[in-house]
Amino acid sequence: MLQAVRGTKDLLPDVINDWHYIEEIFRKVTKKFNYKELRTPIFEYTEVFSRGVGEGTDIVNKEMYTFQDKGENSLTLRPEMTASLVRAVIQNNLTAQETVARLWYFGPFFRYERPQKGRQRQFHQFGAECLSSANPESDVEILLLADNLIKELGIKDYKLLLNSLGNKSSILSYKKELTSFLKSEFENLSEDSKRRLDQNPLRVLDSKDEKDLKVTQNAPKLIDFLDEESKEHFKFVTNSLDHLNINYEINHKLVRGLDYYSHTVFEFQSNYLGSQDSFGGGGRYNELFEELGGKHTPAVGFAFGVERLLMILESQKLINKNNNNLDFYIVCFGKEYFSYVIEISTLLQKNGYSVNYDISRKSFKSQLKDSDKLKANFSVIIGENEVISNQFVVKNMISGEQMKIKLENFSKFVKF
RNA sequence: GAGCACGUAGUUCAAUCGGUAGAGCGCCAGUUUGUGGUUCUGGUUGUUGUGGGUUCAAGUCCCAUCGUGCUCCCCA
């Protein structure tokens, strides 16, 4: 049997309501903050991501869907949004007219990984980016927007982890120091971390391996390398969060896996997800625009994993499954009366009601059963008696009450 | 990319040591030939993921493959 590609899923009618619900909240919250949606192509020239996300990252090294098109261009299905978004902003000069651009997005992304709970090869992200301001006010705004979204969804029992990486020069000097420290402890590191040391030494910090945890206890701390300006920036952020009553936990080992971050980085974690416990994350990226050939544009943003959000909502039972009600079901027996079915259903549809009727010539009883199963609010009954008397039976399926209505009075009835 | 577990009816799950594939739910029909939901009665469903092997005999054991779950890696 033909089946969907490994790590991809069909979103069938029984879950699509959940998606509409959550998308509605994305729109509602971003609107309150005056963020504008943008959509970019699902693939880009590979360079956008190799330069944007960073050559040293796992995403670029082993997780991208990269292929050649017939014009022999190397193209890649987007593994994340920030690089695409920055490319689009530069190309369309979106920051020229406004001093600050506030943008949000929602859509599918692709990474070649081993599928697991909360991890697919095609997955969806919702995210927002605040462009052009280097000030911590924009970090706060982004965190506040994320917080609003989480609260609007009703998600509970989550943690916001926060850290500052400082500016590029403090990261570089820290990296140097950390690398030489880790090299001195090389033999005590896990196999994975020995490999990481060359590629991305910062990642050794958030390893779960016990051997690594032992070593990193005594490792130099990132916070000691921040210059005054970076410290002040971070202090502004934490002070504001305190003031806003947004709970957070400072974790000096939080570094995140993408090359472009500096200053504030953060991650949202939930206990409902199992091993893949982070359902959102983000941070500041001041250098990315220049990296992709644009003018200097400091920025900060976040992304949420939509499948993971839905998993949390489901385990918290925050999703109401039965919002699929039907307004009218038309029961008709006698195929010669089908024109009445169409006439009445058209009338109802014109007034905005949803209508179902039988097309498989089921028995009278089965049609009523159908009506019940589809949770129709009303059934309209059409049969010989009704046609002869020009009085159609309308049955309230909740109370069981019935009334007779003439065809020409239907529009009045329908408007209540 | 590495390790472990699992895959049986539409669905959730049984099937003892290798010995006739079964139940609940659902679905269909009937319960005075024009009235649903609740009862009651009857009926329906399978290439045991796929392909090979061992055996008198395989859902069960072995190999391969596809898929899923968990852990690592990584990330949302």
Side-chain angles (χ1 to χ4, degrees), chain A residues 1-9 14 53 56-64 78-82 105-127 146 190-193 195-196 199-200 203-204 206-210 212 254-258 266-270 273-283 301-312 329 331-334 360 362-387 393-402:
Chain A
M1 190 177 46
L2 283 173
Q3 42 188 328
V5 174
R6 181 164 153 92
T8 68
K9 263 187 189 157
D14 65 323
V53 180
T57 63
D58 276 21
I59 291 181
V60 170
N61 279 323
K62 40 184 225 194
E63 294 175 4
M64 294 207 303
R78 60 185 191 187
E80 60 112 49
M81 187 63 177
T82 309
Y105 60 86
F106 163 74
F109 296 89
F110 307 84
R111 290 183 200 173
Y112 188 85
E113 294 185 276
R114 183 119 167 213
Q116 215 174 301
K117 188 180 182 179
R119 170 185 299 160
Q120 293 161 216
R121 289 182 173 179
Q122 176 175 344
F123 59 101
H124 296 76
Q125 287 191 343
F126 159 82
S190 68
E191 290 309 307
D192 279 324
S193 286
R195 175 181 56 79
R196 277 188 281 233
Q199 299 223 322
N200 198 344
R203 295 224 57 90
V204 177
D206 56 13
S207 166
K208 293 175 195 164
D209 192 288
E210 295 223 356
D212 296 334
L254 178 72
V255 294
R256 307 198 39 85
L258 295 99
F266 55 90
E267 198 166 299
F268 294 94
Q269 294 183 352
S270 164
L273 293 172
S275 175
Q276 261 60 53
D277 60 353
S278 131
F279 63 93
F302 67 77
F304 282 97
V306 178
E307 281 82 358
R308 291 184 187 178
L309 289 176
L310 285 166
M311 280 169 63
I312 296 172
Y329 187 102
V331 173
C332 172
F333 53 119
S360 39
K362 280 190 200 165
S363 70
F364 178 71
K365 200 163 191 162
S366 302
Q367 292 187 46
L368 262 179
K369 272 191 180 176
D370 239 18
S371 174
D372 184 60
K373 216 181 321 168
L374 294 169
K375 296 188 177 118
N377 292 323
F378 295 93
S379 294
V380 179
I381 296 172
I382 300 173
E384 198 183 0
N385 299 343
E386 285 76 11
V387 170
V393 173
V394 175
K395 175 167 184 156
N396 183 322
M397 293 299 280
I398 294 145
S399 68
E401 280 175 75
Q402 297 196 162

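Just so we're on the same page: letters track the sequence lines, and every chain starts at 1. The structure presented is a predicted model; accordingly, all values stated were derived computationally and were not measured.
- Listed for the A:R203 side chain is a donor-acceptor partner under 3.5 Å among the backbone atoms of A:R256.
- Across all strands, A:Q116 comes closer than 4.0 Å to base atoms (heavy-atom distances).
- Nearest-nucleotide positions on RNA chain B place A:P115 closer to the 5' end than the other of A:I59 and A:P115.
- Using a 4.0 Å heavy-atom distance criterion, A:D370 is classed as making no nucleic acid contact.
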Reading RNA chain B 5' to 3', what string of ( ), [ ], | and . shows its pairs, if Watson-Crick and G-U wobble pairs count only when both distances fall under 3.5 Å? (((((((..((((.....[..)))).((((.........)))).....(((((..]....))))))))))))....
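- Among the protein residues, A:Q269 comes within range of no part of the nucleic acid, since none of its heavy atoms lies under 4.0 Å from any strand.
- Nucleotides of RNA chain B with any atom under 4.0 Å from a heavy atom of chain A span, from 5' to 3', B:G1 to B:A76.
- Using a 4.0 Å heavy-atom cutoff across all strands shown, A:Q402 reaches at least one base atom of the nucleic acid.
- Residue contacts for A:R119: at a heavy-atom cut-off of 4.0 Å it reaches a base atom on one of the strands shown.
- Across B:G24 and B:U33, the matching P atoms stand 29 Å from one another, rounded to whole Å.
- In terms of the side chain to side chain donor-acceptor pair (under 3.5 Å) criterion, residue partners of A:D370 (sequence neighbours excluded) are, by chain and number, A:Y329, A:K362.
- Distance check: A:R308 CZ to A:Q125 CD gives 9.0 Å after rounding to the nearest 0.5 Å.
- Base contact: A:K395 has a heavy atom under 4.0 Å from a base atom.
- With hydrogens and angles disregarded, no donor-acceptor distance shorter than 3.5 Å links the side chain of A:R111 to the backbone of A:I59.
- Mapping A:V306 and A:D372 onto RNA chain B via the closest heavy atom, the residue that lands nearer the 5' end is A:D372.
- Going from the P atom of B:A15 to that of B:C56 covers 28 Å, rounded to whole Å.
- In this structure, A:S363 reaches neither bases nor backbone, as no heavy-atom distance under 4.0 Å exists between it and the strands shown.
- Taking the syn range as angles within 90° of 0, the glycosidic angle of B:C17 is syn.
- Using a 4.0 Å heavy-atom criterion, one finds that A:I381 contacts the bases of the nucleic acid, with or without backbone contacts as well.
- Nucleotides B:U48 and B:G43, compared at atom C1', are 24 Å apart to the nearest Å.
- At a threshold of 4.0 angstrom between heavy atoms, the contacts of A:G7 are confined to the sugar-phosphate backbone, with no base atom among them.
- The gap from the P atom of B:G49 to that of B:U16 amounts to 15 Å, rounded to the nearest Å.
- A:S371 comes within contact range of no nucleotide atom at all, as no heavy-atom separation falls under 4.0 Å.
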